[in-house]
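Structure, as structure tokens:
Below, each value reflects all heavy atoms present in this structure, side chains not excepted, and no hydrogens, waters or symmetry copies.
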Amino acid sequence: MMRHRVKKIKFKGGYDATRMLIKKLSYNFFTRGKITTTLTKAKILKSRIEKLVGKMKEENEKNKNFFINYFGKKKLLPLFFKVIGPVFRDISGGYVRIIKIGRRDSDGAEMAKLEWTKPVVYPQKEVKKKKTK
């Protein structure tokens, strides 16, 4: 089978390193709501996030187990199914946009910013006060 006109971006680290990089970038994006990275990483991350948000729309055991397996953290499930999922429930795609920023000063890499197309309101974290004696 010939792969004419099929473009796949690859990084030097290899398959496992690339997979882990995308997993960490997507975790940071979901917890913060926006991320600044290189343009090639942003393009790969956008396609991965689009697929993950599609699973966030419906809360069932299959999708919950998928996210626990993928990220390894149960504490993210309320964020996925209660905060992000309902915002994009009625849309069938286009959850994330890429904004080109310019070139990085140090090495000249093309930089980009990833953000949600619709506003996602993240719950505020409670700050615990330390008791003073």
Side-chain angles (χ1 to χ4, degrees):
M1 185 167 100
M2 296 179 152
R3 298 176 63 233
H4 292 297
R5 297 173 57 92
V6 175
K7 182 181 173 188
K8 184 174 183 183
I9 300 171
K10 295 182 180 178
F11 296 113
K12 287 186 177 180
Y15 177 72
D16 292 336
T18 300
R19 205 171 69 184
M20 204 62 209
L21 173 74
I22 297 303
K23 190 181 290 190
K24 287 181 179 182
L25 285 173
S26 59
Y27 172 80
N28 287 334
F29 178 78
F30 286 131
T31 53
R32 291 181 175 90
K34 58 188 171 196
I35 193 168
T36 305
T37 184
T38 61
L39 183 63
T40 53
K41 288 178 187 174
K43 286 180 179 179
I44 293 176
L45 187 60
K46 180 182 177 185
S47 66
R48 187 64 193 163
I49 287 173
E50 297 276 338
K51 292 172 186 169
L52 291 174
V53 172
K55 290 184 180 291
M56 290 179 199
K57 292 179 181 183
E58 187 179 349
E59 184 176 1
N60 56 26
E61 289 301 313
K62 179 183 174 186
N63 291 343
K64 284 181 184 179
N65 290 334
F66 172 81
F67 284 114
I68 292 170
N69 248 350
Y70 188 74
F71 289 110
K73 298 180 182 189
K74 278 188 174 182
K75 67 179 184 176
L76 292 175
L77 291 180
L79 173 72
F80 293 155
F81 295 111
K82 302 282 189 273
V83 178
I84 299 172
V87 174
F88 299 107
R89 188 153 289 152
D90 55 340
I91 301 175
S92 62
Y95 314 116
V96 180
R97 77 170 63 105
I98 295 176
I99 301 169
K100 292 182 182 179
I101 296 174
R103 295 202 172 267
R104 190 161 48 194
D105 291 335
S106 61
D107 60 354
E110 189 75 32
M111 297 299 288
K113 181 179 179 182
L114 237 73
E115 62 182 26
W116 296 113
T117 53
K118 280 188 160 187
V120 176
V121 180
Y122 285 86
Q124 294 292 328
K125 294 181 180 177
E126 295 178 15
V127 179
K128 294 181 181 176
K129 294 182 181 178
K130 293 183 178 179
K131 294 181 181 177
T132 55
K133 292 183 180 180

Nearest heavy atoms of [X] and [Y], plus distance in Å:
X      : Y      : answer
Pro119 : Val87  : O-CG1, 4.0 Å
Lys46  : Leu114 : N-CD2, 4.2 Å
Ser26  : Leu45  : N-CD1, 3.5 Å
Ile98  : Ala42  : CD1-O, 3.8 Å
Val96  : Glu50  : N-OE2, 3.3 Å
Gly94  : Thr117 : O-OG1, 2.9 Å

For Leu25 and Lys41, run side chain to side chain contact (heavy atoms under 4.5 Å, CB included): C-alpha distance rounded to whole Å, both residues' side-chain angles, the deciding distance at 0.1 Å, then the answer.
CA-CA 9 Å; Leu25 285 173; Lys41 288 178 187 174; 4.2 Å; yes
When you measure from the side chain of Lys57 to the backbone N and O of Ile91, does any donor-acceptor pair fall under 3.5 Å?
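Indeed, once roles are kept as given, a pair shorter than 3.5 Å links the two residues.
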Measuring from atom [atom1] of [X] to atom [atom2] of [Y], what distance do you get when rounded to the nearest 0.5 angstrom?
X     : Y     : atom1 : atom2 : value
Lys10 : Thr40 : NZ    : OG1   : 14.5 Å
Ile49 : Met56 : CD1   : CE    : 8.5 Å
Ile44 : Thr18 : CD1   : OG1   : 7.0 Å
Lys55 : Asn63 : NZ    : CG    : 5.5 Å

Check: [Y] and [X] side chains under 4.5 Å, non-hydrogen atoms:
X      : Y      : value
Val83  : Pro123 : yes
Leu52  : Arg48  : yes
Met111 : Thr36  : yes
Glu110 : Thr38  : no

Under 3.5 Å, which donor-acceptor pairs link side chains of residues 99-106 to any protein atom two or more places apart or in another chain?
{"unit_1": "Arg103", "atom_1": "NH1", "unit_2": "Gly108", "atom_2": "O", "d": "2.6"}
{"unit_1": "Arg104", "atom_1": "NE", "unit_2": "Asp107", "atom_2": "OD1", "d": "3.0"}
{"unit_1": "Arg104", "atom_1": "NH2", "unit_2": "Asp107", "atom_2": "OD2", "d": "3.1"}

Using the test ring-ring contact (aromatic ring centres under 6.0 Å, His included), find all partners of Phe67 that sit at least two apart in sequence or belong to another chain.
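In terms of ring-ring contact (aromatic ring centres under 6.0 Å, His included), with neighbours along the sequence ignored, Phe67 is linked to Phe80, Phe81.
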For Phe66, enumerate each residue passing the ring-ring contact (aromatic ring centres under 6.0 Å, His included) test, keeping only those at least two apart in sequence or located in another chain.
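Here the qualifying residues are Tyr70.
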Please list every donor-acceptor pair under 3.5 Å in which a side-chain atom of residues 27-35 meets a protein atom from a residue at least two apart or in another chain.
{"unit_1": "Asn28", "atom_1": "OD1", "unit_2": "Arg32", "atom_2": "NH1", "d": "3.1"}
{"unit_1": "Asn28", "atom_1": "ND2", "unit_2": "Lys24", "atom_2": "O", "d": "3.4"}
{"unit_1": "Thr31", "atom_1": "OG1", "unit_2": "Tyr27", "atom_2": "O", "d": "3.0"}
{"unit_1": "Thr31", "atom_1": "OG1", "unit_2": "Asn28", "atom_2": "O", "d": "3.1"}

Only pairs at least two apart or in different chains count here, so list each ring-ring contact (aromatic ring centres under 6.0 Å, His included) that has a residue in residues 84-108.
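As it turns out, the ring-ring contact (aromatic ring centres under 6.0 Å, His included) pairs with a partner in residues 84-108, which skip direct neighbours, are Phe88-Tyr95, Phe88-Trp116.
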Qualifying salt bridge (Lys or Arg N to Asp or Glu O under 4.0 Å) pairs with a residue from residues 82-95, counting only residues at least two apart or across chains:
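Counting only pairs at least two positions apart or across chains, the salt bridge (Lys or Arg N to Asp or Glu O under 4.0 Å) contacts touching residues 82-95 are Glu59-Lys82, Asp90-Lys118.
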Can you sort out the partners of Asn69 under side-chain contact (heavy atoms from CB on, under 4.5 Å), two or more places apart, ordered by chain and number?
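Applying side-chain contact (heavy atoms from CB on, under 4.5 Å) to Asn69 gives none.
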Taking only residues two or more places apart in sequence or in another chain, which ones pass side-chain hydrogen bond (donor to acceptor under 3.5 Å, both in side chains) with Glu58?
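In terms of side-chain hydrogen bond (donor to acceptor under 3.5 Å, both in side chains), with neighbours along the sequence ignored, Glu58 is linked to Asn60.
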side-chain hydrogen bond (donor to acceptor under 3.5 Å, both in side chains) against Glu115, all qualifying residues, sequence neighbours excluded:
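For Glu115 the side-chain hydrogen bond (donor to acceptor under 3.5 Å, both in side chains) partners, ignoring immediate neighbours, are Arg97.
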